[in-house]
2 protein chains.
Amino acid sequence: MNQVLIVGSVAYDALKTPFGSVDRALGGSATYSSLAASLFAPVAMVGVVGTDFRASDLRLLVRKGIDTSGLKREAGKTFFWKGFYEGDMNVAHTVRTELNVFAGFDPVIPSRLRRPPYLFLANIHPALQASVLDQVDKPRYTVLDTMNLWIQTQRKALLRVLRRVDLAVLNDQEVRLLTGITSLAQAARKVRSWGPRTVIVKKGEHGAFVAGPGWAFMTHAVPLERVVDPTGAGDSFAGGMIGYLAREGRTDETALRKAVLAGGLVASFTVQGFSVRALTALTRGRLRSRYESFRRMSEIPRIRV
Amino acid sequence: MNQVLIVGSVAYDALKTPFGSVDRALGGSATYSSLAASLFAPVAMVGVVGTDFRASDLRLLVRKGIDTSGLKREAGKTFFWKGFYEGDMNVAHTVRTELNVFAGFDPVIPSRLRRPPYLFLANIHPALQASVLDQVDKPRYTVLDTMNLWIQTQRKALLRVLRRVDLAVLNDQEVRLLTGITSLAQAARKVRSWGPRTVIVKKGEHGAFVAGPGWAFMTHAVPLERVVDPTGAGDSFAGGMIGYLAREGRTDETALRKAVLAGGLVASFTVQGFSVRALTALTRGRLRSRYESFRRMSEIPRIRV
């Protein structure tokens, strides 16, 4: 089956939400997206951790079938993020960021992983994303994620790497910040003009908007009565999506629509538990039953107008 | 065919948006909703206007097949609202409100309109909505709209009238204000416990969420690259919806889903022009073609999970 190569951060998070708190809980963009992708396809993960990285966390990744040979262990501590959410939990408030070993992260793709059919450049410095692209044989499909920080401080590097990917995943704030355009449909079109054939705009609890060549797709977020911890929702979405694409072995409009739906479903579980708890407890059966109820809720009836 | 009776405000609006401005433009909850409903079913409208109400505006309503025998003309000026929108135009900023003849509005339903199969209580004081219910023979289906002002100042009266209707239409802010609950699904359930069998939560550009007995439905808003004037979007949505129900002659889950979709489509046209311009210029052909493209954009694919 097609393998997915994922490059990003591995972190320990200390976070507080209205539903409780956790300390030194497994997190990071590569972690969430790899766990999500592993639901559908084999995954190899490239990142860096410190000597404090728990054996149990490594075992968890391995148990999910994730190839961790690209996960480098370096002297020092694992990337640490401390933050909290309040109110409607749409915004993560950062209390402290300790880059630790991540500060010197320079991803080296192990030679046997250099021909990845599917590549996810999770949220890291755009110059590092470019360096990954330099190291790999042209992948069949490349997806890129980013964040406000890089849009604001590394705009040129970001635009350079955007040219080289097939799909960019941004949230509504990011796409507006990047383009200066309020209308998401217009903003997505602008980003497409810079390179990526397809752009996904994530809208949190309002779902996602996808703009491709000559087509568009809208999807709702699964309505949840309780979001316990939104950390990793976007990474789970992107990971689930590229995992689904890899399993299908296709990246046309139909496959992308399905993959976006699958990614949204996976993310809806992630946010129902702290850290990666709900994501790692997710089974195909629970995914299937949520999909069925989601489909019933959002199927468009035929009308006469 | 089933007639829809609509009781609400008729106004002249002066408004400014990033795309221009209009003065003394036809507006009001009864106006928008009647014009929208008239696309699908015969409509009778009850409201009050001043002596300044233009003959051309009356002719417009009549030309759309609206029965205006319940539109009372009184000495004084028509309800006047002055406001503006800026930025993402999600909020209407009021500059001035002159109630004028609307201040003494006490809706009297003409005797031949007292057995309405479908009744829409557009946004007016909840005591007046109750008075309308007192005057009519039990309608087959009653829909109620309201606003922040009544939720804050007339909560008891509003809860009393809510008990007597089949469907309540609220926006996300209103339903949170009314229930004190952040989760829209939970808040809608709370409102249902107070009487209405079905509750629709409008989310503006993010679509709508519908909660019925044992079912839920989500729909997107039609994505628009340019919203010229959001005034009347909610009224057009509700009007189009009840008009569609009246035409179907059914109010079960399937009919409600279809009606919500139809209402959303109509509202998407309303906001593309100032005042009622785009709404009154709307043809069945344009509605049909937008529906087709909307369906393509939001149809849920079958996935294997």
Side-chain angles (χ1 to χ4, degrees), chain A residues 18 39-40 87-89 176 182-186 189 203 205-207 209-211 215-227 240 244 247-248 254-262 265-266 284-305, chain B residues 18 39-40 87-89 176 182-186 189 203 205-207 209-211 215-227 240 244 247-248 254-262 265-266 284-305:
Chain A
L39 284 158
F40 303 109
D88 64 4
M89 299 203 279
R176 284 177 174 141
T182 306
S183 153
L184 297 181
Q186 268 182 38
R189 200 194 304 148
K203 302 188 292 177
E205 59 168 327
H206 302 299
F209 174 78
V210 188
W215 60 273
F217 176 53
M218 296 182 291
T219 179
H220 298 279
V222 176
L224 298 171
E225 300 219 342
R226 179 190 274 207
V227 169
Y244 195 93
R247 195 193 63 177
E248 293 282 291
T254 306
L256 280 162
R257 284 172 173 251
K258 292 180 178 182
V260 164
L261 205 60
L265 285 166
V266 173
R284 283 290 188 84
R286 296 185 62 200
L287 202 56
R288 196 174 306 123
S289 95
R290 185 167 287 184
Y291 163 64
E292 289 301 338
S293 77
F294 179 77
R295 205 169 52 74
R296 273 195 299 278
M297 262 192 287
S298 50
E299 217 162 28
I300 303 294
R302 288 265 168 188
I303 65 172
R304 294 178 301 140
V305 282
Chain B
L39 284 159
F40 303 110
D88 64 4
M89 299 205 277
R176 284 176 174 143
T182 306
S183 153
L184 296 180
Q186 268 182 40
R189 199 195 302 148
K203 301 189 290 178
E205 59 167 330
H206 301 301
F209 175 78
V210 188
W215 60 273
F217 177 52
M218 296 182 291
T219 178
H220 298 279
V222 176
L224 297 171
E225 299 221 340
R226 177 191 275 206
V227 169
Y244 195 93
R247 195 193 64 177
E248 293 280 292
T254 306
L256 280 162
R257 283 172 173 252
K258 292 180 178 182
V260 165
L261 204 59
L265 284 166
V266 174
R284 283 290 188 83
R286 296 185 62 199
L287 202 56
R288 195 174 308 124
S289 96
R290 185 167 287 184
Y291 163 64
E292 289 302 337
S293 77
F294 179 78
R295 204 170 52 75
R296 274 195 299 276
M297 260 192 290
S298 50
E299 217 161 28
I300 303 294
R302 290 265 167 188
I303 64 172
R304 294 177 300 140
V305 281

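We name chains A, B, ... by the order of the sequence lines, and we start the count at 1 in each one. No experiment lies behind these values; they were computed from the predicted model shown.
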**Report entry** Closest-packed option against chain B by number of heavy-atom pairs under 4.5 Å, given A:F209, A:Y244, A:F40
**Finding:** A:Y244
Report summary line: A:M218 and B:A221 have their tightest heavy-atom pair at SD-O, 3.9 Å
Report task. Pick whichever of A:H220, A:E248, A:R226 has the most heavy-atom pairs under 4.5 Å with chain B. Result -> A:H220
Query - Option that, when pairs with chain B are counted at under 4.5 Å, heavy atom only, ranks first among A:G207, A:A216, A:A259 - result: A:A216
Query - side chain to side chain contact (heavy atoms under 4.5 Å, CB included) partners for B:E299, two or more places apart - result: B:R295
Report task. Return yes if some donor-acceptor pair links the side-chain N/O of B:R288 with the main-chain N/O of A:V305 below 3.5 Å, else return no. Result -> yes
Requested in this report: Mind checking the CD-CG spacing from A:Q186 to B:L224? Nearest 0.5 Å is all I need.
Outcome: 11.0 Å
Requested in this report: Determine the minimum heavy-atom distance between A:R257 and B:M297, stating which atoms define it.
Outcome: NH2-CA, 4.0 Å
Report task. Name the option with the most non-hydrogen atom pairs under 4.5 Å to chain A; the candidates are B:K203, B:R284, B:R296. Result -> B:R296
Report summary line: Comparing B:K258, B:R189, B:E225, B:R247 against chain A, the one with the most heavy-atom pairs below 4.5 Å turns out to be B:E225
Query raised in the report: What part of A:R302 gets closer than 4.5 Å to chain B, counting heavy atoms only: side chain, backbone, both or neither?
Result: both
Query - Contacting moiety of B:F217, where chain A heavy atoms sit under 4.5 Å - result: both
Query raised in the report: A:T219, A:T182, A:L39, A:L265: which one forms the most heavy-atom pairs within less than 4.5 Å of chain B?
Result: A:T219
Report task. State which residues pass side-chain hydrogen bond (donor to acceptor under 3.5 Å, both in side chains) with B:R286; sequence neighbours excluded, sorted by chain then number. Result -> none
Query raised in the report: Okay, side chain of A:Y291, backbone of B:I303: is any donor-acceptor separation there less than 3.5 Å?
Result: yes
